[in-house]
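Okay, so here's the structure we're looking at.
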Amino acid sequence: DAGVIQSPRHEVTEMGQEVTLRCKPISGHDYLFWYRQTMMRGLELLIYFNNNVPIDDSGMPEDRFSAKMPNASFSTLKIQPSEPRDSAVYFCASSFPRPRSGNTIYFGEGSWLTVV
Amino acid sequence: SQQGEEDPQALSIQEGENATMNCSYKTSINNLQWYRQNSGRGLVHLILIRSNEREKHSGRLRVTLDTSKKSSSLLITASRAADTASYFCATEGAGGSNYKLTFGKGTLLTVNP
């Protein structure tokens, strides 16, 4: 398997522009997670899905952020409008947890976003 | 908010030495996991220890868990330059089956050749 695939790997955009980050999870995984990593705040869970349904979006910073998972093989994280403080690395991760086995998650390589 | 807190924030050692990183957490857990992140890359799972386990080994890795102190340690023996990376602990909260993982801020390990 190719692993979790994210695009774009790098994006530089101007403040106020819309940003769309994309993710293809590992085939067969039924959980998908979006994390944001910054030096100041570390790795923060933004939202996660189970079987394409959002389970917990309490980490989404504000209404400018939205995430969708229209099917089992695709998810998007959208920021509209973007602000300089959104500059971070955004990770998508997926997993196939089962009771008593724990949830080992598999990360993509990240989307490096810079908002100027 | 962060559940796990790693200590130290940064560690620099010589090749061949052992590296020990610690993690403290606040609430009850189902398990605790350690992940590694090379510069510019995604995180990679290293090892998982369940709440009813006290110690676990995998190759040069040794993880301990003390649920009474809400702490864990990761020991890397006979370190190599290729072990240079950031190491994160992550906790899966007890109760239910939400499978939500909360990460600490990590320890940056530098192994000097």
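Below, chains carry the letters A, B, ... as their sequence lines are ordered, and counting in each starts from 1. The figures here come from the full heavy-atom set of this structure, side chains too, leaving out hydrogens, waters and symmetry mates.
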Nearest 0.5 angstrom please: [X] [atom1] to [Y] [atom2], how far?
X	Y	atom1	atom2	answer
Thr102(B)	Glu44(A)	OG1	CD	11.5 Å
Gln37(A)	Phe103(B)	CD	CZ	9.5 Å
Asn31(B)	Thr104(A)	CG	OG1	7.5 Å

Ring-ring centroid check Phe88(B) Phe107(A), cutoff 6.0 Å
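Not under 6.0 Å, so no.
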Is it true that atom [atom1] of [X] has more than 12 heavy atoms of other residues, nucleotides or ligands lying nearer than 6.0 Å?
X	atom1	value
Tyr106(A)	OH	no
Arg41(B)	CZ	no
Gln9(B)	CD	no
Arg9(A)	CZ	yes
Gln14(B)	CD	yes

Same apolar cluster (I L V M F W Y, side chains within < 4.5 Å links), [X]/[Y]:
X	Y	result
Ile55(A)	Phe65(A)	no
Ile47(B)	Leu109(B)	yes
Leu74(B)	Tyr25(B)	yes
Met15(A)	Leu21(A)	yes

Show the nearest heavy-atom pair for residues Glu92(B) and Asn103(A), with the distance to one decimal.
OE1-N, 2.9 Å
For the residue pair Tyr31(A) and Tyr99(B), what are the closest heavy atoms and their distance?
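Result for this residue pair: OH-CD1, 3.2 Å.
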Contact part of [X] toward chain B, heavy-atom cut-off under 4.5 Å: side chain, backbone, both or neither?
X	value
Tyr35(A)	side chain
Asn50(A)	neither
Gln6(A)	neither

Residue among Ser95(A), Gly110(A), Pro97(A) with most heavy-atom pairs under 4.5 Å to chain B:
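Maximum pair count with chain B is reached by Pro97(A).
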Under 3.5 Å: donor-acceptor pair, side chain of Tyr35(B), backbone of Ile105(A)
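The answer is yes, because a donor-acceptor pair under 3.5 Å joins these two groups.
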Output yes when a side-chain donor or acceptor of Lys105(B) lies under 3.5 Å from a complementary backbone atom of Met40(A), and no otherwise.
yes
Heavy-atom cut-off 4.5 Å, strictly under: side chain, backbone, both or neither for Leu48(B) against chain A?
side chain
Close side-chain approach of Lys100(B) and Ser58(A), heavy atoms under 4.5 Å:
yes
